[in-house]
Amino acid sequence: MIEHLYLFILATLALALSPGPDNIYVLTQSLTNGAKSGIATTAGLISGCIVHTTLLAFGVSALITASETLFYAIKILGALYLLYLAYKVFKSDAEISYANSAPEKSTRELFKIGVIMNLLNPKVMIFFLAFFPAFLWDPSENTVLQFYILGMTFMVVSFLTFSAIALLAGSIKRFLTQGKTVGLVLKWLQILVFVGIALYIMIP
């Protein structure tokens, strides 16, 4: 068990540090609104993993991914939600919302967005389905408990890693916001990230 968990932690850490839609989104939130906003977003993204872990543990993920219609519907919902967020950023005032030190959204709102983004991304479900079973230390025993242990471990490692990214990005925010055009650049960076994640979800 210990050996499997050790390898799982290393694999999770490597994945969390690899450039991907989630940590890039946390990075842009932290650069735009500060470390607190990045950590709130991280908490939301990670909390959604509880649902994916539960679905995986009780076999629901396999049923959902086996239904092409249901799976495609989830992908469309996720992509539309992200495009909606991109539109809201586009309609905002870059100078007021991004050059100001105060976050545009409350931590509760950012947490909710993170949860919804995670739950409406079916690729997270597929990732859990493909990644977790390889680290079961005894498939003949209680796999539900093992999946929950792996799920909680994944959440802790990912939260700590993403939070470190948020703190680092937040610490350099005040230097970036001194430029006159930084607000506009960060605004469009957020839009590109939202659209990029939406396209990532829809790509087969």
Side-chain angles (χ1 to χ4, degrees), residues 1-27 29-30 35-79 81-82 107-167 197 200-201:
M1 172 180 175
I2 299 300
E3 181 181 353
H4 281 75
L5 280 178
Y6 176 72
L7 293 173
F8 182 78
I9 289 172
L10 290 179
T12 300
L13 181 61
L15 288 167
L17 289 172
S18 301
D22 286 345
N23 53 20
I24 290 176
Y25 178 62
V26 170
L27 178 65
Q29 278 297 323
S30 302
K36 185 178 180 181
S37 296
I39 292 175
T41 302
T42 295
L45 289 168
I46 300 305
S47 295
C49 293
I50 297 175
V51 176
H52 289 296
T53 299
T54 301
L55 292 175
L56 176 63
F58 292 97
V60 181
S61 289
L63 295 176
I64 294 177
T65 53
S67 172
E68 186 175 343
T69 302
L70 180 58
F71 179 66
Y72 189 67
I74 294 174
K75 292 179 72 170
I76 292 177
L77 283 175
Y81 179 70
L82 290 164
T107 52
R108 177 178 294 183
E109 289 175 312
L110 290 169
F111 176 84
K112 182 174 68 174
I113 289 174
V115 172
I116 295 174
M117 282 179 61
N118 182 279
L119 294 180
L120 292 182
N121 185 354
K123 290 195 174 182
V124 177
M125 186 188 306
I126 292 180
F127 169 77
F128 272 48
L129 192 61
F131 185 61
F132 280 40
F135 292 91
L136 293 175
W137 50 89
D138 192 351
S140 63
E141 294 298 327
N142 190 341
T143 56
V144 171
L145 176 61
Q146 293 178 62
F147 276 130
Y148 271 110
I149 292 175
L150 292 174
M152 293 303 112
T153 302
F154 179 87
M155 290 170 62
V156 170
V157 173
S158 298
F159 179 79
L160 293 175
T161 305
F162 283 17
S163 294
I165 293 173
L167 290 171
I197 298 174
Y200 171 81
I201 290 176

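Everything numeric in this text was worked out from a predicted model, so none of it was measured. Excluded from the calculations below are hydrogen atoms, water molecules and symmetry mates; all remaining heavy atoms, backbone and side chain alike, are included.
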Given side chain to side chain contact (heavy atoms under 4.5 Å, CB included), test Phe131 with Thr12 step by step and report yes or no.
-> CA-CA 10 Å; Phe131 185 61; Thr12 300; 4.0 Å; yes
Stepwise side chain to side chain contact (heavy atoms under 4.5 Å, CB included) test for Ile39 and Leu167 | CA-CA 8 Å; Ile39 292 175; Leu167 290 171; 4.0 Å; yes
After noting the C-alpha distance and the side-chain angles of Leu150 and Leu5, does the key distance pass the side chain to side chain contact (heavy atoms under 4.5 Å, CB included) rule?
-> CA-CA 8 Å; Leu150 292 174; Leu5 280 178; 4.0 Å; yes
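Residues Phe111 and Thr42 are not in side-chain contact: their nearest non-hydrogen atoms beyond the backbone lie 4.5 Å or more apart. When side chains are defined from C-beta on, Trp137 does not count as touching Ile2, because their heavy atoms never get closer than 4.5 Å. Between Leu27 and Asn23 the shortest side-chain heavy-atom distance does not fall below 4.5 Å.
When every heavy atom of Met155 is checked against every heavy atom of Ile50, the shortest pair comes out as CE-CG1, 3.3 Å. Of all the heavy atoms in Gly38 and Ser30, the pair that sits closest is CA-OG, 3.2 Å. Of all the heavy atoms in Ala11 and Phe135, the pair that sits closest is CB-CZ, 4.1 Å. The minimum heavy-atom distance between Leu110 and Ser37, with the atom names listed, is CD1-CB, 3.3 Å. Heavy atoms only, all atoms of each residue included: Met117 and Leu45 are closest at CB-CD2, 4.2 Å. The two residues Phe162 and Asp22 make their nearest non-hydrogen contact at CE2-CB, 3.7 Å.
Screening residues 151-162 for side chain to side chain donor-acceptor pair (under 3.5 Å), with sequence neighbours left out, gives no hits.
Every residue two or more places apart in sequence or in another chain was checked for a side chain to side chain donor-acceptor pair (under 3.5 Å) with Asn142, and none qualifies. Applying the ring pair (Phe, Tyr, Trp, His ring centres under 6.0 Å) rule to Tyr81 yields no partners; only residues at least two apart in sequence or on another chain are considered. Considering only residues two or more places apart in sequence or on other chains, Phe154 meets the ring pair (Phe, Tyr, Trp, His ring centres under 6.0 Å) condition with Phe127, Phe128, Phe132. Listed by chain and residue number, Tyr148 satisfy the side chain to side chain donor-acceptor pair (under 3.5 Å) test with Thr54 (two or more places apart in sequence, or in another chain). Every residue two or more places apart in sequence or in another chain that forms a side chain to side chain donor-acceptor pair (under 3.5 Å) with Asn118 is listed here: His52.
Taken from CG in Asn121 to CD1 in Ile116, the straight-line distance is 13.5 Å, to the nearest 0.5 Å. Note that the CG atom of Leu120 and the CE atom of Met125 stand 9.5 Å from one another [nearest 0.5 Å]. Here CD1 of Ile165 is found 14.5 Å from OH of Tyr25. Values are rounded to the nearest 0.5 Å. Leu56 contributes atom CG, which lies 4.0 Å from atom CZ of Phe147 (distance to the nearest 0.5 angstrom). Rounding to the nearest 0.5 Å gives a distance of 11.5 Å between CG of Leu55 and SG of Cys49. Taking CD1 from Ile46 and CE from Met152, the interatomic distance works out to 10.5 Å, rounded to the nearest 0.5 Å.
Using a distance-only test at 3.5 Å, with no hydrogens or angles considered, no donor-acceptor pair links the side chain of Gln29 to the main chain of Thr41.
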